[in-house]
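Just below is one structure, and these are the notes that go with it.
Because only heavy atoms are used, hydrogens play no part in the values below, and waters and symmetry mates are left out as well, while side chains stay in.
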Amino acid sequence: MTRTLLLVRHATSVPPAPGAPSERDRPLTPDGMAQAERLADLVVPHYPARVLSSPYLRAVQTVRPTADRLGLAVERLESLREWASGMDPTPDWQAHYRRCWAEPQYATATGETHDALGRRALAALAQAAERTRAGEVTVVASHGTWISRALLGLGCPVDADWWLSLPMPAVFTVTYGDVPAVTPTGPPAYGTLPA
């Protein structure tokens with residue numbers, strides 16, 4: 001019997017900017033809070049048994065309505081945190097991100113490589129799947145780059161352009177049986193996989 005992970009990218013958050021809240025403390029916008037409520041409408045009918053989240057505020061706020069409706073705690077896991085780019089918000093951030101996609105072993109002096117992020121993401125997904133009983137569903141809330149590298153590691157043909165187009169929120173179903181399989185969940189606004 002299969003085990004299912006609902007992989008959730010956080011809803012719309014306050015963008016990174018000089019003087020804005022830190023990466024860990026950036027909250028959802030008012031629109032993002034409304035998205036989190038609508039997301040719960042999509043996720044709750046799957047009756048997840050567990051809600052795991054990155055410790056970053058925007059990820060926790062995204063799955064809090066789902067957890068509250070189900071009477072579950074939001075379990076915060078450091079392994080689900082976003083990629084540590086090692087870069088402050090700058091106007092040329094896309095050039096840096098594209099370089100990291102093109103050269104997955106590249107990192108700034110204080111950053112994490114995309115290769116390292118991919119290994120961390122796949123290990124976290126495997127641990128979440130191990131903690132999910134046969135027939136159960138677990139919500140796994142994280143971030144755009146984390147999810148993109150996880151999906152790439154699971155064999156999905158994602159790249160920098162796909163990552164840049166990934167909506168907030170986005171939901172993907174990862175089913176663990178003999179071989180992990182990935183499908184988008186819900187209406188197209190909630191995530192699509194490349195052809």
Given side chains that start at C-beta, do those of T29 and Q35 come closer than 4.5 Å, heavy atoms only? no
Please report the shortest heavy-atom distance between S13 and R26, naming the atom on each side. OG-NH1, 3.2 Å
Hey, are R58 and E23 close enough for a salt bridge, meaning a charged N less than 4.0 Å from a carboxylate O? yes
Working to the nearest 0.5 Å, report the span between CE of M168 and CG of D31. 11.5 Å
Check whether L164 and M87 end up in the same hydrophobic cluster, where Ile, Leu, Val, Met, Phe, Trp and Tyr are linked by side-chain heavy atoms less than 4.5 Å apart. yes
Distance-minimising heavy-atom pair for A141 and V63: CB-CG1, 3.5 Å
Criterion side chain to side chain contact (heavy atoms under 4.5 Å, CB included) on L80 and V140, from CA distance to verdict: CA-CA 8 Å; L80 301 179; V140 178; 3.7 Å; yes
Does L6 belong to the same Ile/Leu/Val/Met/Phe/Trp/Tyr cluster as V60, with side-chain heavy atoms less than 4.5 Å apart forming each link? yes
Test of understanding: with side-chain hydrogen bond (donor to acceptor under 3.5 Å, both in side chains), list the residues that count as partners of D25, not counting sequence neighbours. S22
With a 4.0 Å cut-off on N to O distance, would you call R50 and E75 a salt bridge? yes
Using the rule that Ile, Leu, Val, Met, Phe, Trp and Tyr join whenever any side-chain heavy atoms are under 4.5 Å apart, tell me whether V139 and L57 fall into a single cluster. no
Could you give me the CA-CA distance, side-chain angles and deciding distance for L5 and Y176, then say whether side chain to side chain contact (heavy atoms under 4.5 Å, CB included) is met? CA-CA 8 Å; L5 306 181; Y176 282 82; 3.5 Å; yes
Looking at E37, is its backbone amide N or carbonyl O close enough to the side chain of R69 to form a donor-acceptor pair, meaning the two atoms are under 3.5 Å apart? yes
Between S53 (side chain only) and P55 (backbone N and O only), is there a donor and an acceptor less than 3.5 Å apart? no
Working to the nearest 0.5 angstrom, can you tell me the gap between D159 CG and L152 CG? 9.0 Å
Ring pair (Phe, Tyr, Trp, His ring centres under 6.0 Å) contacts in which one or both residues fall within residues 130-156, not counting sequence neighbours: H10-H143, Y56-H143
Do you know which two heavy atoms are closest between S148 and L166, and how far apart they sit? OG-CD2, 4.2 Å
With the threshold set at 4.0 Å, does a side-chain nitrogen-carboxylate oxygen contact exist between R98 and E103? no
Would you list the pairs meeting salt bridge (charged side-chain N to carboxylate O under 4.0 Å, His left out) in which at least one residue belongs to residues 9-20, sequence neighbours left out? none
Spell out, as yes or no, whether a donor-acceptor pair under 3.5 Å connects the side chain of R76 to the backbone of S54. no
P48 to L72 - nearest heavy-atom pair and separation: O-CD1, 3.4 Å
Side chains of T4 and E136: is there a donor and an acceptor less than 3.5 Å apart? no
Residues in side-chain hydrogen bond (donor to acceptor under 3.5 Å, both in side chains) with E78, at least two apart? R24, R81
Would you say the ring centroid of Y97 lies under 6.0 angstrom from that of W93? yes
If you define the side chain from C-beta out and look only at heavy atoms, does anything of L154 sit under 4.5 Å from V174? yes
d(L151 CG, L7 CG) to nearest 0.5 Å is 6.0 Å
Kindly compute the distance separating CZ (R149) from OG1 (T113), expressed to the nearest 0.5 Å. 8.5 Å
Is the backbone of A11 close enough, under 3.5 Å, to the side chain of T62 for a donor and an acceptor to pair up by distance? yes
From C156 SG over to I147 CD1, what is the distance, rounded to the nearest 0.5 angstrom? 11.5 Å
What closest approach, in Å, do A128 and L52 show between heavy atoms, and which atom pair accounts for it? CB-CD1, 3.8 Å
Member of W101, W163, W83 meeting the side-chain hydrogen bond (donor to acceptor under 3.5 Å, both in side chains) criterion with T145: W163
How far apart are the closest heavy atoms of S79 and A124, and which atoms are they? OG-CB, 3.6 Å
Could I get the full list of side-chain hydrogen bond (donor to acceptor under 3.5 Å, both in side chains) partners for T138, not counting sequence neighbours? T132
Aromatic plane relationship, W162 with F172 - under 30° parallel, 30 to 60° tilted, over 60° perpendicular: tilted
Under 4.5 Å side-chain linkage, directly or through intermediates, the cluster mates of M33: L28
Walk me through it: do E112 and R119 pass the test salt bridge (Lys or Arg N to Asp or Glu O under 4.0 Å)? CA-CA 11 Å; E112 177 181 30; R119 287 189 300 274; over 6 Å; no
